[in-house]
Amino acid sequence: MRGKALKSLRDAIECEKLAGVDAIYISSGKKTEERKMTFDDLKESARKCRECELWETRTNVVFGEGARSAELMFVGEAPGRDEDLQGKPFVGRAGQLLTKIIEAIGLKREDVFIGNVLKCRPPENRNPLPSEIAKCSPYLLAQIKFIKPKVICALGKFAAQTLLNTETPISKLRGVFYDFHGVKLMPTYHPAYLLRNPNEKKAVWEDMKLVAKELGVKIPDKA
Ligand code: SF4
């Protein structure tokens with residue numbers, strides 16, 4: 001019965017549009033058992049998901065972590081090796097750099113929510129396939145719906161192009177806000193890219209200052 005409920009849940013999520021929907025309901029098959037979906041339901045659904053082939057090679061589903069009422073949400077591409085092993089987002093060197101970026105604008109990692117477009121690692125970190133994005137994006141949309149962030153920061157070309165449905169290079173996208181279903185979205189470079197191209201840290205800092213201003217966060221003097 002639980003499996004059936006989870007399948008219904010995912011079906012429900014797939015049918016929902018982010019805008020204009022107040023609640024997503026799940027059902028175990030009997031109308032009397034219908035109830036509002038919780039964030040934990042969503043997480044459990046993702047944990048058991050086999051909607052695309054990535055379930056076969058994953059070690060862990062990386063649902064994302066952080067404050068459920070975060071005003072700032074970071075969205076990356078997909079879990080890498082470290083993330084797949086630990087089941088947590090952004091835990092490698094790029095993750096450490098992301099933590100420093102968050103702290104530089106006066107927030108803590110636990111103040112924000114960090115997730116990815118895909119919840120399972122593509123083998124050898126290959127680019128996500130369009131079919132995988134289509135299968136997995138309802139989870140991200142539902143996460144955004146639950147969290148209701150003020151600002152989404154799309155990390156890197158892949159997340160930015162996917163969320164904005166464009167092929168414009170990240171170098172042209174970054175630096176300004178876009179509307180994403182009523183939420184302000186700032187594209188910026190991925191921390192892994194910054195590790196290879198430290199000269200671009202200044203550009204990310206400019207983007208993050210705009211994010212901090214939008215959130216009304218005072219940047220510490222030492223930053
Ligand atoms: S990547 Fe997404 S859609 Fe594919 S199995 Fe994992 S959770 Fe399901």
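Hydrogens, waters and symmetry mates are skipped; everything else that's a heavy atom, side chains included, is used. Counting starts at 1 for both ligands and their atoms, in listed order. Throughout, numbering of the chain's residues begins at 1 and tracks the sequence.
- Salt bridge present: Glu44 and Arg47 bring a charged side-chain N and a carboxylate O closer than 4.0 Å.
- Shown in contact with Cys136 at under 4.0 Å from a heavy atom are these atoms of ligand 1, numbered in order with element: 1 (S), 2 (Fe), 3 (S), 7 (S).
- Of the charged side-chain nitrogens involved, at least one lies within less than 4.0 Å of a carboxylate oxygen, so that Glu65 and Arg109 count as a salt-bridged pair.
- How far CD1 of Ile114 is from OG1 of Thr99: 6.0 Å, rounded to the nearest 0.5 Å.
- A donor-acceptor pair under 3.5 Å links the side-chain atoms of Gln161 to the main chain of Glu167, judged by distance alone.
- At least one N, O or S atom of Cys120 sits under 2.8 Å from atom 6 (Fe) of ligand 1.
- Within the coordination shell of atom 2 (Fe) of ligand 1, defined by N, O or S atoms under 2.8 Å, Cys52 is absent.
- Atom 5 (S) of ligand 1 has its nearest heavy-atom neighbour, among Glu53, Lys119, Arg58, in Arg58.
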Ring pair (Phe, Tyr, Trp, His ring centres under 6.0 Å) evaluation trace for His190 with Phe74: CA-CA 10 Å; His190 195 286; Phe74 288 92; over 10 Å; no
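- Against a heavy-atom cut-off of under 4.0 Å, Cys49 is close to the following atoms of ligand 1: 3 (S), 5 (S), 7 (S), 8 (Fe).
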